[in-house]
Amino acid sequence: MATTDGDRRPKYQRIADSLREAIQSGQYGPGDRLPGENDLMATYGVARMTARQALSVLRDEGVAEARKGAGVFVREFRPLRRRGIQRLGHDQWGNGRSIWSADIDDRELEVDRITVTEEAAPARIGAVLNLDGEETTCVRRRRFVLDGKPVLLATSYLPAALVAGSAITQEDTGPGGTYARLAELGHEPVHFREEIRSRMPSQDEAAQLDVSAGTPVILIHRTAFTAEGRPVEVNEMTLDAASYVLEYDFDASR
């Protein structure tokens, strides 16, 4: 392991950085087994705990995954490129396509753990949707699984009175999804606002996304507005940060 006299990084971090560079250079490809604890101990002259910490760093970053009884391997999952602007275009859902089709190409997507309920709006949601204290929301919860890997948890809130009796209150909203149904109801979304931040996952989020507690999640809070400026949906999304690249492609405004 090449180091400099002024390198103050902990030994485990230097080993992790070296392994990461080897992965990025192609020395270790997707699915390849990384050097084990014994190998790292011999190569770098470190204790087992240091070697273990180095491998844990890569696992927590989502670069590698442990397989019980077999070792630690370079993660095979290809990160999903989320095209934040194109996916919400009218040409997507307005033509009966899922907004996910802008992202996944021919990859296998499954939506599971779908629940649709009518609930009192949390204060933060009621404030965004301009609801009074008596109004309820239609709440749609689901998990998205790509190529067998859970990547996103989503909870959508819509004014219950607005969507009553429509397919939005069913598990399957039909071609084009929620936004196509809103358009049919006369409340077509024409403007979206997304706020993005990140944090560490809760225990429940880590379990649902099948990530280690050290892997951060990305939080996307999206509000959909009609042409009149009425907010008609709030969607709170929790993404496995290691599974995503967020892409925003737009022209410079003048």
Side-chain angles (χ1 to χ4, degrees), residues 82 84-103 109-146 150-197 199 201-205 207-209 217-240:
R82 183 183 187 273
I85 294 177
Q86 295 91 326
R87 69 198 312 270
L88 293 174
H90 184 275
D91 288 346
Q92 284 292 123
W93 52 265
N95 289 318
R97 293 192 296 269
S98 163
I99 62 176
W100 276 77
S101 64
D103 304 331
L109 177 68
E110 177 187 1
V111 184
D112 67 7
R113 302 187 183 182
I114 303 172
T115 64
V116 185
T117 58
E118 184 173 334
E119 303 174 16
R124 69 183 187 283
I125 300 299
V128 175
L129 292 176
N130 297 326
L131 303 179
D132 63 35
E134 302 300 318
E135 292 182 276
T136 58
T137 54
C138 172
V139 184
R140 300 182 51 83
R141 295 182 176 89
R142 58 262 189 227
R143 184 179 73 161
F144 294 83
V145 181
L146 185 66
V151 295
L152 179 145
L153 309 174
T155 302
S156 293
Y157 300 87
L158 304 99
L162 188 75
V163 301
S166 73
I168 292 172
T169 63
Q170 306 300 313
E171 289 189 8
D172 184 357
T173 55
T178 295
Y179 296 147
R181 303 293 80 76
L182 282 170
E184 292 169 356
L185 292 170
H187 304 289
E188 177 180 343
V190 300
H191 178 73
F192 299 91
R193 181 178 64 228
E194 288 192 343
E195 301 172 358
I196 301 174
R197 58 191 179 93
R199 59 166 168 74
S202 68
Q203 187 174 7
D204 178 65
E205 290 167 342
Q208 289 202 66
L209 291 171
V217 291
I218 299 169
L219 307 177
I220 300 181
H221 182 285
R222 182 171 70 226
T223 307
F225 299 87
T226 66
E228 296 75 32
R230 179 181 181 177
V232 290
E233 184 219 30
V234 173
N235 190 349
E236 294 186 329
M237 293 162 275
T238 304
L239 292 67
D240 169 14

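In this chain, numbering begins with 1 at the start of the sequence shown.
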Once rounded to the nearest 0.5 Å, what's the spacing between atom [atom1] of [X] and atom [atom2] of [Y]?
{"X": "Arg222", "Y": "Asn235", "atom1": "CZ", "atom2": "CG", "value": "5.0 Å"}
{"X": "Glu194", "Y": "His221", "atom1": "CD", "atom2": "NE2", "value": "11.0 Å"}
{"X": "Phe144", "Y": "Asp240", "atom1": "CZ", "atom2": "CG", "value": "15.0 Å"}
{"X": "Ile196", "Y": "Ile220", "atom1": "CD1", "atom2": "CD1", "value": "4.5 Å"}
{"X": "Met237", "Y": "Leu153", "atom1": "CE", "atom2": "CG", "value": "11.5 Å"}
{"X": "Thr226", "Y": "Leu185", "atom1": "OG1", "atom2": "CG", "value": "12.5 Å"}

Could you list the residues that satisfy salt bridge (charged side-chain N to carboxylate O under 4.0 Å, His left out) with Arg140, not counting sequence neighbours?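 In terms of salt bridge (charged side-chain N to carboxylate O under 4.0 Å, His left out), with neighbours along the sequence ignored, Arg140 is linked to no residue.
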Residue list, salt bridge (charged side-chain N to carboxylate O under 4.0 Å, His left out) with Arg193, at least two apart or on another chain: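 With sequence neighbours excluded, Arg193 shows a salt bridge (charged side-chain N to carboxylate O under 4.0 Å, His left out) to Glu195, given in chain and number order.
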Restricting to side chain to side chain donor-acceptor pair (under 3.5 Å), what partner residues turn up for [X], sequence neighbours left out?
{"X": "Arg141", "value": "Glu119"}
{"X": "Thr155", "value": "none"}
{"X": "Thr136", "value": "Glu118"}

Over all heavy atoms of both residues, which pair between Pro159 and Val232 is shortest? Give the atoms and the distance, please.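 In this case the closest contact between Pro159 and Val232 is CD-O, 3.4 Å.
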Over all heavy atoms of both residues, which pair between Pro231 and Thr223 is shortest? Give the atoms and the distance, please.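 Heavy atoms only, the tightest pair is CB-CG2, 4.0 Å.
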Taking Ser166 for its side chain and Ile168 for its backbone only, find out whether a donor-acceptor pair lies under 3.5 Å.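 Yes, the answer is positive, given that a donor and an acceptor are paired below the 3.5 Å cut-off.
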Any side-chain heavy atom of Val163 sitting closer than 4.5 Å to one from Leu182?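 Yes. Closest side-chain heavy atoms under 4.5 Å.
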Could you walk me through whether Arg82 and Leu239 pass the side chain to side chain contact (heavy atoms under 4.5 Å, CB included) test, one step at a time? CA-CA 11 Å; Arg82 183 183 187 273; Leu239 292 67; 4.2 Å; yes
Derivation of the side chain to side chain contact (heavy atoms under 4.5 Å, CB included) call for Leu158 and Arg181: CA-CA 12 Å; Leu158 304 99; Arg181 303 293 80 76; over 6 Å; no
Show me the donor-acceptor pairs, under 3.5 Å and distance only, between side chains in residues 124-135 and residues at least two apart or in other chains.
from   : atom 1 : to     : atom 2 : distance (Å)
Arg124 : NE     : Glu236 : OE2    : 2.9
Arg124 : NH2    : Glu236 : OE1    : 2.8
Asp132 : OD1    : Glu134 : N      : 2.9
Asp132 : OD1    : Glu135 : N      : 3.0
Glu135 : OE1    : Asp132 : N      : 2.9

